[in-house]
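This report concerns only the one structure given below.
Just follow the structure's listing: the first ligand is 1, and inside any ligand the first atom is 1.
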Amino acid sequence: MLLIKNGRVIDPSTKTDAQLDVLLNSEKITELAPPGKISTSREMQTLDASNLIVAPGFIDLHCHLREPGQESSETIETGTRAAARGGFTAVCCMPNTRPVNDNASVTRFIMERAKAAATVRVWPIGAASVSSSGEAIAEIAAMKQAGIVGVSDDGKPVATAKLARQVMEYCQSLDLPLIEHCEDVSLAAGAVMREGVTSTRLGLAGMPAAAEAVCVARDVQLAELTGARLHVAHLSAKSSLEQVRQAKARGLPVTCEVTPHHFTLIDEDVRYDSRFKMNPPLAAGEDREALIAGLADDTVDAIATDHAPHEPALKDVEFDRAPFGILGFETAVALALEQLVHTKRLPLMRMVELFTSGPARVIGMQRKLVAGQPADVTIFSLDHQWTFRASDSASKSRNSPFDNHTFRGAAMATIVGGKVVYRC
Ligand SMILES: [Zn+2]
């Protein structure tokens, strides 16, 4: 048994914001009560959460753990340790491993590795098409049996509207979301950042916001046609967000996520440094403003990291040649506090929702801090001062534009299945 004492419990699913003690056993939350009301026993472990926020366990809908196949950049063991440090109790890993997670045997391998080596829960996403190459539909039903929680050809969208329709029909009957990396590959071809004044100044090829928005439009139409749940991954453009807002207003099952780097940085921040290279690229200032408005007004359903580790040998090359992606787990909560909560753009309750019940809903789950629910809890501080040093990251990789950034606010403890897996 673990007793979390004297914390401020925030649970968006029940609109709770109160001083409560929380008692956990090895599987479930067993009791919540006002401070001092739960009788303690000798075999009970206690964790003092004075001046800290106690929330349902945070979920990351979008990450890359690189195993199998690219273990020099990350493994399920190192990636989930970084996730725990960032306050995440569960992470959804994208299928673009080597081999691609496009069949049940790869899904089972990931589940088994996670059971043996992971610090937090690992919920795999299966590929939409075989090898994610956009030609033939993957074994979605068999992968669902093996444990996938969604389907995606992340790194790119499902290649054609015809195949996307077919995948959505399967997803609809299996009650899985199609998670789309929305990008018109012809508009984005060769681009390494957002098209604009900065790309011109740096002499780098840019993609317009329309590269994303064109694909969102296609997929919203197909969600309407098939009735399938469409989730737009790492949405970065104002025009895309507007389409999601309209789709929701029309009652379509369309959801979206935004990354911390897209609500923090813009294209003008890009330097000739591959730590600023990710896909979708950092957008314009007006996009960032729109994303923050969407995070506040419920258009956005989740904050997701798109944690994308690349070992230094791959990433520390010319901007044009470097792979897309940056680390995300360890800085996500601190960036959300810095950019959204301390600035008073979002109430704390809403920020917690974007890490808990919001992402849970996208994958058809719940996240609640009430008796009977899994004993997954995230404890964080609004004030704790610390400096992120990529060299100290639990990840195997170092590719973060937030290296040496000092934050106010941090994940302080991560509890999975009643066990403290991280303590600051
Ligand atoms: Zn992607």
Side-chain angles (χ1 to χ4, degrees), residues 60-66 69-70 73-74 79 91-98 100-102 123-129 131-134 138 148-159 163-164 167 177-189 191-194 207 209-216 218-219 230-237 240-241 244 254-263 265 274-283 287 291 300-310 314-315 322-329 332 359 362-363 397 399 401:
D60 186 5
L61 282 180
H62 194 139
C63 74
H64 302 271
L65 298 178
R66 305 298 188 211
Q70 294 152 287
S73 289
E74 197 77 288
V91 299
C92 300
C93 56
M94 283 296 170
N96 59 339
T97 46
R98 296 179 191 159
V100 169
N101 181 16
D102 64 0
W123 294 334
I125 312 285
S129 65
S131 309
S132 283
S133 61
I148 63 164
V149 297
V151 161
S152 181
D153 275 346
D154 187 46
K156 52 199 178 227
V158 176
L163 185 66
V167 169
L178 172 62
I179 302 173
E180 274 283 74
H181 169 124
C182 287
E183 173 185 326
D184 181 284
V185 292
S186 65
L187 273 175
V192 296
M193 68 175 290
R194 174 63 83 79
M207 69 176 85
E212 180 181 88
V214 162
C215 188
V216 173
R218 180 196 84 171
D219 289 331
L230 167 68
H231 179 69
V232 181
H234 43 50
L235 186 145
S236 70
S240 307
L241 186 78
V244 171
V254 176
T255 56
C256 71
E257 73 196 22
V258 165
T259 72
H261 46 277
H262 287 110
F263 66 63
L265 300 171
S274 67
R275 290 176 302 175
F276 292 87
K277 181 176 175 182
M278 66 288 278
N279 194 9
L282 296 172
D287 296 299
L291 296 182
V300 178
D301 298 272
I303 294 171
T305 67
D306 197 5
H307 176 83
H310 295 289
L314 291 172
K315 190 70 167 172
F324 292 106
I326 61 168
L327 302 184
F329 288 144
V362 171
I363 49 174
S397 294
N399 49 315

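Remark: the backbone N or O of P281 is paired with a side-chain donor or acceptor of H262 at under 3.5 angstrom.
In terms of distance to the Zn ion (ligand 1), the nearest N, O or S atom of H181 is named ND1. The nearest N/O/S atom of D154 to the Zn ion (ligand 1) is OD1.
One side chain, H231 or T255, offers a donor N or O that lies under 3.5 Å from an acceptor on the other. Defined by atom type and a distance below 3.5 Å, a donor-acceptor pair is missing between the side-chain atoms of H310 and E74.
The Zn ion (ligand 1) does not have D306 among its coordinating residues (no N/O/S atom, backbone or side chain, under 2.8 Å). The Zn ion (ligand 1) has no N, O or S atom of H62 inside 2.8 Å of it.
Counting only heavy atoms from C-beta outward, the side chains of C63 and D306 never approach each other to under 4.5 Å.
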